[in-house]
There are 4 protein chains.
Amino acid sequence: MNRTMEKRGKQQRGLETQAALLDAAGRVFSQKEYDGARLKDISEEAGISLGSLYFHYGNKEDIAAAVLEVQQERMTEVLAGIMTNSESSLTRLLDLMDGIAELIASDPLVQAGIRLVSSLPEELKDSGHAPYGEWVGVTETLLKEGIEDGSVSSQIDLKVLAEYFNEVFIGAQVLAGIQDNWASLPDRVRRLRPHVVAALTRTDPA
Amino acid sequence: MNRTMEKRGKQQRGLETQAALLDAAGRVFSQKEYDGARLKDISEEAGISLGSLYFHYGNKEDIAAAVLEVQQERMTEVLAGIMTNSESSLTRLLDLMDGIAELIASDPLVQAGIRLVSSLPEELKDSGHAPYGEWVGVTETLLKEGIEDGSVSSQIDLKVLAEYFNEVFIGAQVLAGIQDNWASLPDRVRRLRPHVVAALTRTDPA
Amino acid sequence: MNRTMEKRGKQQRGLETQAALLDAAGRVFSQKEYDGARLKDISEEAGISLGSLYFHYGNKEDIAAAVLEVQQERMTEVLAGIMTNSESSLTRLLDLMDGIAELIASDPLVQAGIRLVSSLPEELKDSGHAPYGEWVGVTETLLKEGIEDGSVSSQIDLKVLAEYFNEVFIGAQVLAGIQDNWASLPDRVRRLRPHVVAALTRTDPA
Amino acid sequence: MNRTMEKRGKQQRGLETQAALLDAAGRVFSQKEYDGARLKDISEEAGISLGSLYFHYGNKEDIAAAVLEVQQERMTEVLAGIMTNSESSLTRLLDLMDGIAELIASDPLVQAGIRLVSSLPEELKDSGHAPYGEWVGVTETLLKEGIEDGSVSSQIDLKVLAEYFNEVFIGAQVLAGIQDNWASLPDRVRRLRPHVVAALTRTDPA
DNA sequence: AATGAATGAGTTTTCATTCAT
DNA sequence: CATGAATGAAAACTCATTCAT
């Protein structure tokens, strides 16, 4: 083991612990909301002492914030992946919906982020973690591009279209969450697709 | 004041206390999820002692259950009101959506019920309080009737139609809840109506 | 037991508990400084549950603040008692020194206040509990009056005189505290008296 | 660089670390009492790892003891410096007061020692670190010599004189500590001098 | 019925100390 | 020697629930 390894090893351990804790936090926060989640459950789930949890994350709010941050990152990754393919904006929007659905269904940490949003203490709600705000921005942008490239009908107000799109998607998320911990979300989204396409391409003033 | 009056007075007082507590519980549970809500907050919100809360409702679960029960009642009332008018099933479904939206927007106790659904401890989740299960049943029934009376297109699977309808509606509820404590829900539902009508009456295999 | 008694009884119990806790806090804080004192020790010393301590005093700082407040009151009482007798200002000052010494020697809660002053967390230091500031004000006032009524020599600057007086008195307090938990303070003050008198009545520019 | 140099270098490094830690400990203990001071604060203040702190000083008590020891040394140094000049004992006593005041005002580690005295856990209080005991011995010795060489009045009991002297000096220290972290101590002592001289040279039976 | 007080079993948080590298 | 990470025991604090009146 050379010096580089040694050095990396030292810091590595801490990073591994942090990752394990974050993962465990994801699993716990995906099952219980903020107040209902126990830090002890997280530390035990991670197989790491409670004291260590506090060494890496200063308190309960901080670890919840870390979960939200990673959720953001992972969703942004999916977004970035979708954006690189050069299809129509409508397709991109639908692919995005699929991609996020897939992510949610497979990633407890992302599920945790969803759960946390509605149960955070006031202080955290402000602090920059406004996933829906950002998300709405993305959908509106894609729809605007869709209108420009003709893949989306221009006869309905952009805001209203985005609102509809988001309501449908969020509704699917919520019901999938209740029904089977989001396992059914990808299928739900697939079944949703025709309705969404119809709504976004309608030519009569719906 | 005779004994009857006294007795009625006494019972009356108890009922008033119960109502005040229930109301306060609605307000508190509409802002915080189950674990985050404090019984002390409820008692203070009601201006009634904590001991009294325990006299009327045995424990935290019981008072949450009471909130859910009343929510059910109030939603059922709306449902009953809609059912008496003799229009088409599609109209009834849309009116129901409007009616429930109106109810949610105006009644913190009903809002509380919505919040509670996703944060209840396991024990309560089972105990008969499955509002969405019941709700889904109602929408499916109405859709079936709609297909029978021709107001709803028969070309899509009933379950899928109901799923879509509920996703849209729930999505609107959730986003309205986040945005402004449900105040915008009636407007959102109004904007949703054309999309729902289109989806339910579509003749091509969407 | 009449209704008044009942009513008083109810509130009485709480007040008794508070008093017991405050007393116990006095005893504990007089032996250990702020960070070293354990709330559990206080609750056990009082024979009252820790939960109850938190019911009456919201947190550690609050109970320390309560101790300081009562200390202030008791010292002010002594002050008021001294002020009513109509002797010379010098006598009043010396009597005050005796009275406070007596109080400190006999009252653990006042001793606690003295201990706390130098070990409080920053937040509490500000919040109005500036016993020494007030005390210095009193001594300066008495000295000014003494100069006016001729019982104190006017040849030394008032501030300097007050400074000297306070240094001597505080020094006696500190050493008595270290030596025997303030038991020797009254005697120390008695032995101090001639020096103080000499200093305050000196006619040559000392 | 030969082996000797390396060795010396290594030892050198350790000594530097120790000194940095001790200095940091002085700064921390001068602001917070024993229980309130955090070893982590000390290590951060020194810019040296916590592990290293434990390597050089076995535990919290040991580092506090080290601070006290150095405080003793520095005060003894001042004492020794004063003793070599051949003036009267009274002058020596007054010079000692000035010298110590100067030392306290300028040396956080000595300030730390002062703070620690009143907040030490029982175990440490015994273990030889009784600065005041020693200090009192010195003052009594000087006063006795003063009586012998005539620079101090012999009409008052020696113990009482020493007691007075120490009370005044300690009082000045405490108030300077509270007022401005001991910066004003030298000035205070200067203003104290005439009173002390008067007390120690008084010929009438004060 | 109603109330304020009391309790105990948790939960979060802190920190001296130890460990692995 | 030095470091960052880890730990456990104890501390502060919370809150559903019960009790005495």
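Just so we're on the same page: letters track the sequence lines, and every chain starts at 1.
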Separation between CG (L50(C)) and CD1 (I42(C)), nearest 0.5 Å, reads 9.5 Å
The reported gap from CG in L53(A) to OH in Y57(A) (rounded to nearest 0.5 angstrom) is 8.0 Å
The correct set of residues in residues 32-46 of chain D placing a heavy atom under 4.0 Å from DNA chain F is none
In numerical order, the residues of residues 50-64 of chain B whose heavy atoms come under 4.0 Å of DNA chain E are G51(B), S52(B), F55(B), H56(B)
Here the residues of residues 18-29 of chain C within 4.0 Å heavy-atom distance, strictly under, of DNA chain E are none
Residues passing the side chain to side chain contact (heavy atoms under 4.5 Å, CB included) test with Y34(C), sequence neighbours excluded, are F29(C), K60(C), E61(C), A64(C), L116(C), S119(C), L120(C), P121(C)
Those residues at least two apart in sequence (or on a different chain) that pass side chain to side chain contact (heavy atoms under 4.5 Å, CB included) with T17(D) are L21(D), I48(D), S52(D), H56(D)
Output field dot_bracket for DNA chain F (Watson-Crick or G-U, both distances under 3.5 Å, | for other-strand pairs) contains .||||||||||||||||||||
When rounded to whole Å, the CG to C1' distance for the pair L15(B) and dA1(E) reads 12 Å
Assign each of G47(C) and G47(B) the nucleotide of DNA chain E bearing its closest heavy atom; nearer the 5' end lies the nucleotide of G47(B)
- Message: Applying side-chain contact (heavy atoms from CB on, under 4.5 Å) to D35(C) and E33(D), what does each step give before you reach the verdict?
- Response: CA-CA 8 Å; D35(C) 284 290; E33(D) 23 75 22; 3.1 Å; yes
Look at the side chain of R27(C) and the backbone N and O of L109(C), then say whether any donor-acceptor pair between them is shorter than 3.5 Å. no
